[in-house]
Amino acid sequence: MNVHVTRRIVYLVVALAVIIPMLFLKGKTVTVSEPVLNAFQAIDTLKEGSYILISTDYGPGTMPEVNPMVYAIVRHAFRKNLKVVYLSVVDALGLALGDQVIKNVAQEYDKEYGKDFVNLGFKPGAEAVIVSLGKEIRDIFPEDVRGVPLDSMEITRNIHNLKDFAIVVDFASGYGITAWIRYAQARFGVFLVGCVTAVMGPENYPYLDSGQLKGLVAGLKGAAEYETLLGKPAIATRGMPAQSAVHILIIVLIVIGNILYLLEKRKRK
């Protein structure tokens, strides 16, 4: 069989493994892990009107995995009537992706820009930006992404540095989370929650164990767990059957590939 035909068949089978569960299998409530529970409680215990700083440090390649986390946590924040300030210190595209999600959720909860949430924009140089935020926000972000001075908006009029935020949440697909841990948490003592891709989860557990992270949400499963705690199943919960089906399919394809390789090797001998 031609290798290109084989690849097409594999792509077709993978596509079906994703589409069929998404269309016909209803996502079930997942078991909530302790790191996700800690992240949920860190936000759930905040008083109404508290400030939450969100950094969207991810790109289009990880959007399907990270966006559901952003939806879940921002829904939680707006449900608690928290003030949401967001920016990016790693990826300008991440800011655009996060901005779209936050605006969508703001419409769900009838939140007003400049009063309940604000987009500060993107500045490169993660570590330097975070240090500046720890001293005076206006030194690095004198105005929001629209060019409106911070002093002229209700939401930012009385905030000056990281100590004015009850919690910081970083959505990361790269080194952004490390920068926030080293400079925001270690230097300024902020409460920090990490929301990372599944492959980044294990490397961040030491920070969770040391208390530098107050909670950790990893991958689509982490987002589904958070949705379960919210009592609002959404895209992550619906995507879990598809993710499980593809994982099983990959294992099956690996086994089949090795069997075919061994048979071909024997045939040549």
Point to revise | Leu216 vs Asn38, side chain to side chain contact (heavy atoms under 4.5 Å, CB included): CA-CA, chis, key distance, verdict | key: CA-CA 7 Å; Leu216 182 65; Asn38 290 341; over 6 Å; no

Point to revise | Test log, rule side chain to side chain contact (heavy atoms under 4.5 Å, CB included), inputs Asp144 and Tyr113 | key: CA-CA 11 Å; Asp144 77 344; Tyr113 185 87; 2.7 Å; yes

Practice item. Show the numbers, then the answer: is there a side chain to side chain contact (heavy atoms under 4.5 Å, CB included) between Asp91 and Asp57? Key: CA-CA 6 Å; Asp91 197 325; Asp57 300 321; 5.8 Å; no

Point to revise | Intermediate values then yes/no, side chain to side chain contact (heavy atoms under 4.5 Å, CB included), Asp164 and Asn158 | key: CA-CA 9 Å; Asp164 293 320; Asn158 296 316; over 6 Å; no

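More than 12 heavy atoms of other residues, nucleotides or ligands lie within 6.0 Å of CD in Glu264, so this atom counts as buried by the packing criterion. Within 6.0 Å of CD in Glu136 there are more than 12 heavy atoms belonging to other residues, nucleotides or ligands. No more than 12 heavy atoms of other residues, nucleotides or ligands shown are found within 6.0 angstrom of OH on Tyr183. Residue-environment remark: CZ (Arg266) stays at or below the threshold of 12 foreign heavy atoms within 6.0 Å. No more than 12 heavy atoms of other residues, nucleotides or ligands lie within 6.0 Å of CZ in Phe191, so this atom counts as exposed by the packing criterion.
Within the 4.5 Å cutoff, side-chain heavy atoms of Ile177 are placed close to those of Leu213. No side-chain heavy atom of Val70 sits less than 4.5 Å from a side-chain heavy atom of Tyr86. Side-chain contact check for Ile43 versus Tyr226: some heavy-atom pair is nearer than 4.5 Å. Contact check for Val129 versus Leu87: no side-chain heavy atoms found under the 4.5 Å cut-off.
Ala218 and Thr197 get closest at one heavy-atom pair: CB-O, 4.3 Å. Summarising the geometry of Gly147 relative to Glu143, their closest heavy-atom pair is O-OE1, 3.6 Å, with the distance given to 0.1 Å. For Glu225 against Ser33, the heavy-atom pair with the smallest separation is OE1-OG, 2.7 Å. When all heavy atoms of Pro68 and Met63 are compared, the closest pair comes out as CD-O, 3.9 Å.
Of the possible polar contacts, one joining the Asp116 side chain to the Glu112 backbone as a donor-acceptor pair under 3.5 Å is found. Between the Lys83 side chain and the Lys115 main chain, a donor and an acceptor come within less than 3.5 Å of each other. Judged by distance alone, the side chain of Thr56 and the main-chain N or O of Gly94 form a donor-acceptor pair under 3.5 Å. Glu108 places no side-chain N or O within 3.5 Å of a backbone atom of Arg75 that could act as its donor or acceptor partner. Side chain of Thr62 to main chain of Glu65: no donor-acceptor pair is present (N/O by atom type, distance under 3.5 Å, no hydrogens or angles).
Considering CD1 of Ile73 and CD of Glu227, their distance stands at 11.0 Å, rounded to 0.5 Å. The line from CZ of Arg187 to CG of Leu162 is 10.5 Å long, rounded to the nearest 0.5 Å. The line from CZ of Arg182 to OH of Tyr175 is 11.0 Å long, rounded to the nearest 0.5 Å. Rounding to the nearest 0.5 Å gives a distance of 6.0 Å between OG1 of Thr156 and CZ of Arg138. Between the NZ atom in Lys111 and the CD1 atom in Ile155 there is a gap of 10.0 Å [rounded to 0.5 Å]. Atoms CG and CG, from Asn258 and Leu262 in turn, are 6.5 Å apart once rounded to the nearest 0.5 Å.
Leu93 and Leu120 fall into different hydrophobic clusters, where Ile, Leu, Val, Met, Phe, Trp and Tyr side chains are chained together by heavy-atom contacts under 4.5 Å.
Relative orientation of the His76 and Phe40 rings is parallel, given thresholds of 30° and 60° on the angle between their planes. In this pair, Phe78 and Tyr109 present their aromatic rings tilted. The plane angle is within the 30 to 60° band.
A donor-acceptor contact under 3.5 angstrom links the side chains of Tyr58 and Asn67, judged on distance only.
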